[in-house]
Number of protein chains: 2
Amino acid sequence: MITQHPDRDQIRLENVLSALGNPMRLQVVRVLAAEGERACGGLLPEMSRSTLTHHWRVLRDSGVIWQRPSGRENLLSLRREDLDARFPGLLDALLAAAEANAATEKSDSAS
Amino acid sequence: MITQHPDRDQIRLENVLSALGNPMRLQVVRVLAAEGERACGGLLPEMSRSTLTHHWRVLRDSGVIWQRPSGRENLLSLRREDLDARFPGLLDALLAAAEANAATEKSDSAS
DNA sequence: TGGATTGTTCGACCGTACTCGTAGGGTCGC
DNA sequence: GCGACCCTACGAGTACGGTCGAACAATCCA
């Protein structure tokens, strides 16, 4: 039954930050930001189904994503409007930071 | 001996976000941003010393603050320059978001 | 209808995070 | 030197987070 998405006004910064503090979830958010709505599967394919469900729940409960069923799939999308309204500029700064972060991550592993 | 502060280039976004995902630490960062360098004590006075030390360590290891001894005190300060260089705009967006967040927190508890 | 596909739920395990009390090590002022 | 002060280090307890497998529910397609 898709646990409750929080209202825009109920989105708490602590929850958003700890949700995005996990590299898996941060990566998911980057993909959603770049490519729009996407099905659950296909992101993070090397994890077990139940682990994925856990991560969707964290992102959903913290107010970062919408999750809506469509047939036998679940579609995920960023709550960009709500996040922008609640915390102006934060999402863009986070996405830019994630990009910078990923760049050094790549060069780190190459060194 | 003050565990190692990470170099600017070694600051990882995941660590910063999960450090700031804790309300106590987020509050500390807000105070440091507003008031500059401050002694350890006086922030979060209702926690035990050892708990505070734990939080300073998390903030320090994630690259969010500098910690330097001065006499028998330890002074904390935001690593604003490093954070701005590494993740431009992120810190300001986070501080603004923290402000918005604290505003609703207050009205929540008042309701 | 029946099988394949997709997600969720549940219980479990393990590691990490948060908290505290106690003990120890510097530093300041008398 | 000595006590008071500030913080750190360590150990312990509790809670939470991330991961998995197995079982279940819903949907699609042949």
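Every chain is numbered from 1 and lettered A, B, ... according to where its sequence line falls, protein lines coming before strand lines.
Looking at A:Asp92 and A:Arg80, a side-chain N of the basic residue comes within less than 4.0 Å of a carboxylate O on the acidic one, giving a salt bridge. Between A:Arg86 and A:Asp7, no side-chain nitrogen of the basic residue sits less than 4.0 Å from a carboxylate oxygen of the acidic one, so the salt-bridge criterion is not met.
To the nearest angstrom, P of C:dG7 lies 9 Å from CH2 of A:Trp56. For the pair B:Glu73 CD and D:dT8 P, the interatomic distance rounds to 11 Å; values are reported in whole Å. Between the CG atom of A:Leu75 and the P atom of C:dT6 there is a distance of 13 Å, rounded to whole Å. The CZ atom of A:Arg57 sits 12 Å away from the C1' atom of C:dG7 (whole-angstrom rounding). One interatomic measurement links the two molecules: CG of B:Leu52 to P of D:dC5, which rounds to 18 Å at whole-angstrom precision. We find that CZ of B:Arg68 is positioned 18 Å from P of D:dC6, with the value rounded to whole Å. Remark: P of C:dT9 and CG of A:Asp61 are 11 Å apart, rounded to the nearest angstrom.
The shortest distance between the side-chain N/O atoms of B:Asn74 and the OP1/OP2 oxygens of D:dT8 is below 4.0 Å. Here B:Gln67 reaches the OP1 or OP2 of D:dT8: one of its side-chain N or O atoms lies under 4.0 Å away.
One end of the helix from C:dT1-D:dA30 to C:dC30-D:dG1 points its axis 30° away from the other end's axis, with each axis taken from 5 pairs and the angle rounded to 10°.
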The contact string for nucleotides 18-30 of chain C, one letter per nucleotide 5' to 3', using protein heavy atoms under 4.0 Å with B, S and - for base, sugar-phosphate only and none, comes out as SBBB----BBS--
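Tracing side-chain contacts under 4.5 Å through hydrophobic residues (I, L, V, M, F, W, Y), one never reaches A:Leu75 starting from A:Val58; they form parts of separate clusters.
Other residues, nucleotides and ligands contribute only 12 or fewer heavy atoms inside 6.0 Å of the CD atom of A:Glu81.
Partners of A:Asp82 under the side-chain hydrogen bond (donor to acceptor under 3.5 Å, both in side chains) rule, at least two apart in sequence or in another chain, are A:Arg8, A:Arg79.
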